[in-house]
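Report on the structure given below.
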Amino acid sequence: PLHIAADVGSVEAVDLLLAPFAKDDEGTAPDQVKQYLLSKDRLGNTALHYACRGGHVGVVDAIFHAAKSDRFGLGPSDGVGAALCKATNARKAVPLHYAVRQGHARVAWKLARE
């Protein structure tokens, strides 16, 4: 579902799908949200691959925010954002390749800053 939400550019759906991973009084396991964000489909694409291919800046922002958010028990030092940027699919393409190929300069710039 996260991959589909990213592919169609729905920030609201991404937020909704990530909401169950938010820390509550008992806390959440950061590994669960990390695993969800880094999950790959049968082609080896992460949700970030799809967001970058479509040029969905808001979705890219939402994914990176979740990857570094205390709300999900993660922080910048956890390296999830970097892992997302380096994730390769079956064709050995990283999300930046999709952003550049499709001419999405704002998305490519965001990835380069990660």
Side-chain angles (χ1 to χ4, degrees):
L2 185 62
H3 293 75
I4 295 168
D7 194 27
V8 299
S10 177
V11 175
E12 295 82 10
V14 169
D15 288 342
L16 187 66
L17 290 165
L18 291 171
F21 295 100
K23 287 191 319 189
D24 55 17
D25 293 336
E26 298 175 17
T28 187
D31 289 339
Q32 292 174 331
V33 71
K34 180 179 178 179
Q35 184 179 9
Y36 190 56
L37 289 170
L38 291 170
S39 65
K40 295 182 176 186
D41 65 8
R42 64 183 175 81
L43 301 174
N45 292 317
T46 65
L48 186 61
H49 281 90
Y50 288 106
C52 291
R53 183 181 71 181
H56 305 302
V57 177
V59 173
V60 171
D61 285 340
I63 290 171
F64 281 133
H65 176 73
K68 296 186 240 176
S69 177
D70 182 53
R71 176 178 176 222
F72 300 106
L74 297 171
S77 64
D78 289 308
V80 179
L84 283 164
C85 288
K86 294 176 185 176
T88 57
N89 65 11
R91 294 183 174 185
K92 305 294 183 216
V94 296
L96 179 62
H97 292 141
Y98 284 105
V100 171
R101 282 186 203 145
Q102 299 299 321
H104 302 304
R106 287 181 59 209
V107 171
W109 181 79
K110 285 184 177 291
L111 292 172
R113 290 186 46 136
E114 279 297 316

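All values below come from the heavy atoms of this structure, side chains included, with hydrogens, waters and symmetry mates left out.
No side-chain heavy atom of Leu2 sits less than 4.5 Å from a side-chain heavy atom of Ser39. At a threshold of 4.5 Å between non-hydrogen side-chain atoms, the residues Cys85 and Leu96 do not count as touching. The side-chain heavy atoms of His104 and Lys110, taken from C-beta on, include no pair separated by under 4.5 Å. The side-chain heavy atoms of Leu43 and Asn89, taken from C-beta on, include no pair separated by under 4.5 Å. The side-chain heavy atoms of Thr46 and Leu37, taken from C-beta on, include no pair separated by under 4.5 Å.
Of the possible polar contacts, none joining the Asp78 side chain to the Val80 backbone as a donor-acceptor pair under 3.5 Å is found. For the pair Asp70 (side chain) and Gly73 (backbone), a donor-acceptor distance under 3.5 Å is absent. Here the side chain of His49 pairs a donor or acceptor atom with the backbone of Ala93 at under 3.5 angstrom. Panel note: side chain His3, backbone Tyr50; no donor-acceptor pair is recorded below 3.5 Å. The backbone N or O of Gly79 lies less than 3.5 Å from no partner atom in the side chain of Lys34, so there is not a single donor-acceptor pair.
Taking SG from Cys52 and NE2 from His97, the interatomic distance works out to 11.5 Å, rounded to the nearest 0.5 Å. Expressed to the nearest 0.5 Å, how far CG of Asn45 lies from CZ of Arg91 amounts to 9.0 Å. Between the CG atom of Leu48 and the CD atom of Glu114 there is a distance of 9.0 Å, given to the nearest 0.5 Å.
Residues Leu74 and Ala66 come closest through the heavy atom pair CD1-O, 3.5 Å. When all heavy atoms are compared, the tightest approach of Ala5 to Leu17 is CB-CD1, 4.0 Å. When all heavy atoms are compared, the tightest approach of Arg53 to Asp7 is NH2-OD1, 2.8 Å. Closest approach of Gly81 and Ala67 over heavy atoms only: N-CB, 3.9 Å. The shortest non-hydrogen separation linking Val11 to Gly58 is CG2-C, 3.4 Å. In terms of heavy-atom proximity, Ala108 sits nearest to Ala99 at N-CB, 3.9 Å.
For the pair Arg101 and Tyr98, the distance from NZ or CZ to the six-membered ring centre is under 6.0 Å and the angle to the ring normal is within 45 degrees.
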